[in-house]
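Let me begin by presenting the structure, written as structure tokens, before commenting on it.
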Amino acid sequence: MPGLAHPTVPGADPRPAALRTLLALAVVFIMLATTGWTAVHRPEGGTPLRAAALDAWSTALLDGRPVPPADAPVRTVARFFAALDGAQRARLADGHPLVVGNLDGAPVTTRYRANQRGLEKARLVEEARSRDVALTPADRAEATRRSHRFASLAEPGRQILAFDPTGGGRVAEVFGDLDEAERVSVIVPGVDTDLLTFERTQRRLTSPVGMAEALYGAERAASPKSRTAVIAWAGYTSPTGVGVDAATGRMAFDGAVRLKDLTVSLPGNSSVALFCHSYGSVVCGVAARELPRRVTDVVVAGSPGMRAENVQDLRTSARVWATRDEGDWIADVPHLELGGVGHGADPVSPEFGARLLSSARAKSHTGYFAPGTDSVANFAKIGTGSFASIVCATGDDVCRRGISGTEQD
């Protein structure tokens with residue numbers, strides 16, 4: 001496999017190269033066994049609200065006209081809503097919140113309204129489940145936590161772009177004015193991301209909301225006049241823990257489809273930068289070749305690999321950036337892919353060819369978005385297009401070369 005064995009000369013004994021490959025595979029499976037990675041992912045339970053909503057939508061009419069299918073192309077949905085007045089949009093948002101709130105192509109303000117209604121509906125269901133003596137104490141406790149989370153997400157002023165309570169759930173939140181933004185940054189998180197971990201009071205910067213708030217604040221500080229927005233995106237089912245699912249690409253492939261749909265459906269002509277943390281970088285790597293050209297930058301932090309051998313293998317027109325803190329344990333994960341296990345080459349290796357960013361003062365695997373770190377400052381500069389002041393990992397200007405507006409242009 002490329003990157004695992006040295007080139008051989010004709011007639012050379014291939015066994016040393018094969019042995020190295022087998023040893024690498026053994027390391028992977030020893031790690032799986034000794035760190036609990038052999039646990040099998042089991043989807044969480046949840047309420048069937050979304051399924052019922054889709055059934056109702058499939059036969060819905062608006063003033064005698066059928067509504068577009070829930071999986072209709074973005075342009076079809078956009079044309080449909082463009083022909084409606086404010087009252088009609090509100091009727092659909094209020095009557096079918098769990099569909100309209102997730103409908104790519106619908107106006108973002110309509111989706112915000114729908115998701116407020118959807119969150120309230122889901123909260124009432126979970127509140128009732130929390131008192132249902134037919135459920136186990138663990139299930140009632142889980143329902144209580146979900147009810148509290150839905151109430152928090154539904155607080156006035158929050159801009160919830162997507163909400164699906166099925167299973168562990170999916171959700172996305174916008175910081176800033178998405179309609180007016182010239183540049184949009186999207187946080188793509190890693191393992192253990194669901195509705196309950198979407199935001200946290202303690203260890204706030206390990207959650208998508210905390211990361212997005214930190215990045216949006218850094219962007220505002222770096223370029224106050226720039227019209228930017230940041231999306232905390234937990235729009236895919238992520239692996240639970242560092243298990244088998246985290247070591248394979250199965251969930252990343254589903255996430256990649258959803259990520260592409262998000263980037264295609266964003267309003268206006270804004271450019272988009274993806275900030276992909278940990279397993280989120282696997283999602284971004286799988287999605288790379290299908291992303292629209294409006295995605296100008298893909299940034300990976302603490303990456304186990306992008307399921308590619310190098311930047312060219314990603315087949316994307318976007319600039320690819322990578323960073324990793326010296327104390328990040330992900331560096332000890334074998335960067336290879338064998339039999340579907342592992343995610344390929346190390347994105348911070350020179351051979352991979354990414355633009356390497358400084359992450360000075362970041363602490364371990366979860367510190368990349370902490371205020372005062374080089375990493376979040378660099379992310380903000382990418383998010384606002386201020387490339388000339390980016391700090392490269394190598395201490396020189398190599399990572400900035402070839403970008404319009406920098407000293408090297």
Side-chain angles (χ1 to χ4, degrees), residues 43 46-126 150 153-154 158-174 177-181 184 186 195 231 233-237 253-270 272 287 290-292 294:
T47 54
L49 286 177
R50 168 80 170 162
L54 288 169
D55 284 343
W57 181 261
S58 67
T59 58
L61 298 174
L62 178 66
D63 297 333
R65 297 170 52 200
V67 298
D71 59 353
V74 170
R75 290 183 180 179
T76 300
V77 174
R79 282 196 300 268
F80 175 80
F81 276 90
L84 306 182
D85 60 30
Q88 290 173 315
R89 294 176 183 177
R91 280 164 51 197
L92 287 178
D94 295 347
H96 303 273
L98 289 168
V99 177
V100 175
N102 299 284
L103 204 55
D104 290 337
V108 293
T109 52
T110 301
R111 291 178 66 169
Y112 296 160
R113 178 185 179 118
N115 285 320
Q116 289 286 325
R117 306 297 189 273
L119 282 159
E120 178 60 17
K121 180 179 288 190
R123 184 190 68 79
L124 292 174
V125 170
E126 295 296 347
F150 297 164
L153 291 171
R158 298 192 72 165
Q159 301 179 134
I160 306 302
L161 184 66
F163 168 66
D164 179 358
T166 307
R170 301 187 184 101
V171 62
E173 182 172 10
V174 175
D177 189 335
L178 192 57
D179 278 322
E180 296 298 322
V184 176
V186 180
L195 280 165
I231 300 175
W233 185 75
Y236 77 107
T237 301
F253 281 91
D254 175 69
V257 173
R258 295 177 181 277
L259 180 60
K260 184 199 76 170
D261 289 346
L262 171 75
T263 58
V264 168
S265 67
L266 292 175
N269 298 311
S270 56
V272 178
E290 300 293 335
L291 294 172
R294 73 187 305 183

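Heavy atoms only: backbone and side chains are in, while hydrogens, waters and symmetry mates are out. Every value quoted in this text rests on a predicted model; they were computed, and no experiment measured them.
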### Query
Any ion pair linking Glu120 and Arg117 (charged N to carboxylate O, less than 4.0 Å)?
no

#### Entry: Non-hydrogen atoms of Thr166 and Arg50 that approach each other most closely
OG1-CB, 3.4 Å

### Query
Given side chains that start at C-beta, do those of Asp104 and Val264 come closer than 4.5 Å, heavy atoms only?
no

### Task
Compare every heavy atom of Gly101 with every heavy atom of Ala114, then report the nearest pair and how far apart it is.
CB-N, 3.5 Å

### Task
State, yes or no, whether a side-chain contact exists between Tyr112 and Arg158 at a heavy-atom distance under 4.5 Å.
no

### Derivation of the side chain to side chain contact (heavy atoms under 4.5 Å, CB included) call for Leu98 and Asn115
CA-CA 7 Å; Leu98 289 168; Asn115 285 320; 5.7 Å; no

### Close side-chain approach of Ile231 and Leu266, heavy atoms under 4.5 Å
yes

### Task
Indicate yes or no: at least one non-hydrogen side-chain atom of Arg113 is less than 4.5 angstrom from one of Asp94.
yes

### Message
Under 4.0 Å between a side-chain nitrogen and a carboxylate oxygen: does that hold for Arg91 and Asp63?
### Response
yes

### Query
Is there side-chain contact between Leu178 and Pro267, with heavy atoms separated by less than 4.5 Å?
yes

### Main-chain N/O of Arg170 paired with Asp164 side-chain donor or acceptor, under 3.5 Å
no

### Task
Taking the side chain as every heavy atom from C-beta outward, state whether Arg123 and Leu119 have any pair of such atoms under 4.5 Å apart.
no

### Message
I'd like to know if the side chain of Asn102 reaches the main chain of Phe163, judged simply by a donor and an acceptor atom lying under 3.5 Å from each other, with no hydrogens or angles considered.
### Response
yes

### Task
List the steps, then state whether side chain to side chain contact (heavy atoms under 4.5 Å, CB included) holds for Phe81 with Leu84.
CA-CA 5 Å; Phe81 276 90; Leu84 306 182; 4.0 Å; yes

### Message
Which heavy atom of Ala106 sits nearest to which heavy atom of Val100, and what is that distance?
### Response
CB-O, 4.4 Å

### Query
So do the side chains of Leu61 and Val67 get within less than 4.5 Å of each other, counting heavy atoms only?
no

#### Entry: Closest approach of Gly255 to Trp233 (non-hydrogen atoms, all atoms of both residues)
O-CH2, 3.7 Å

### Task
Please lay out, stage by stage, how Leu259 and Tyr236 fare under the test side chain to side chain contact (heavy atoms under 4.5 Å, CB included).
CA-CA 8 Å; Leu259 180 60; Tyr236 77 107; over 6 Å; no

### Query
Counting only N and O atoms by type, is there a donor-acceptor contact under 3.5 Å from the side chain of Ser265 to the main-chain atoms of Asp261?
yes

### Query
With side chains defined as the heavy atoms from C-beta onward, is the minimum distance between Leu124 and Phe150 less than 4.5 Å?
no

### Query
Are the side chain of Arg111 and the backbone N or O of Ile160 linked by a donor-acceptor pair below 3.5 Å?
no

### Donor-acceptor contact below 3.5 Å, side chain Trp57 vs main chain Pro68
yes

### Query
Crowded around Asp85 CG? As in, over 12 foreign heavy atoms under 6.0 Å?
yes

## Note on the structure
Of all heavy-atom pairs linking Thr263 and Pro292, the shortest is OG1-CD, 3.2 Å

### Message
Run Leu62 and Leu92 through side chain to side chain contact (heavy atoms under 4.5 Å, CB included) and show every step you take.
### Response
CA-CA 8 Å; Leu62 178 66; Leu92 287 178; 3.9 Å; yes

### Query
Ser270 and Ala181: which non-hydrogen atoms are nearest, and at how many Å?
CB-O, 3.4 Å

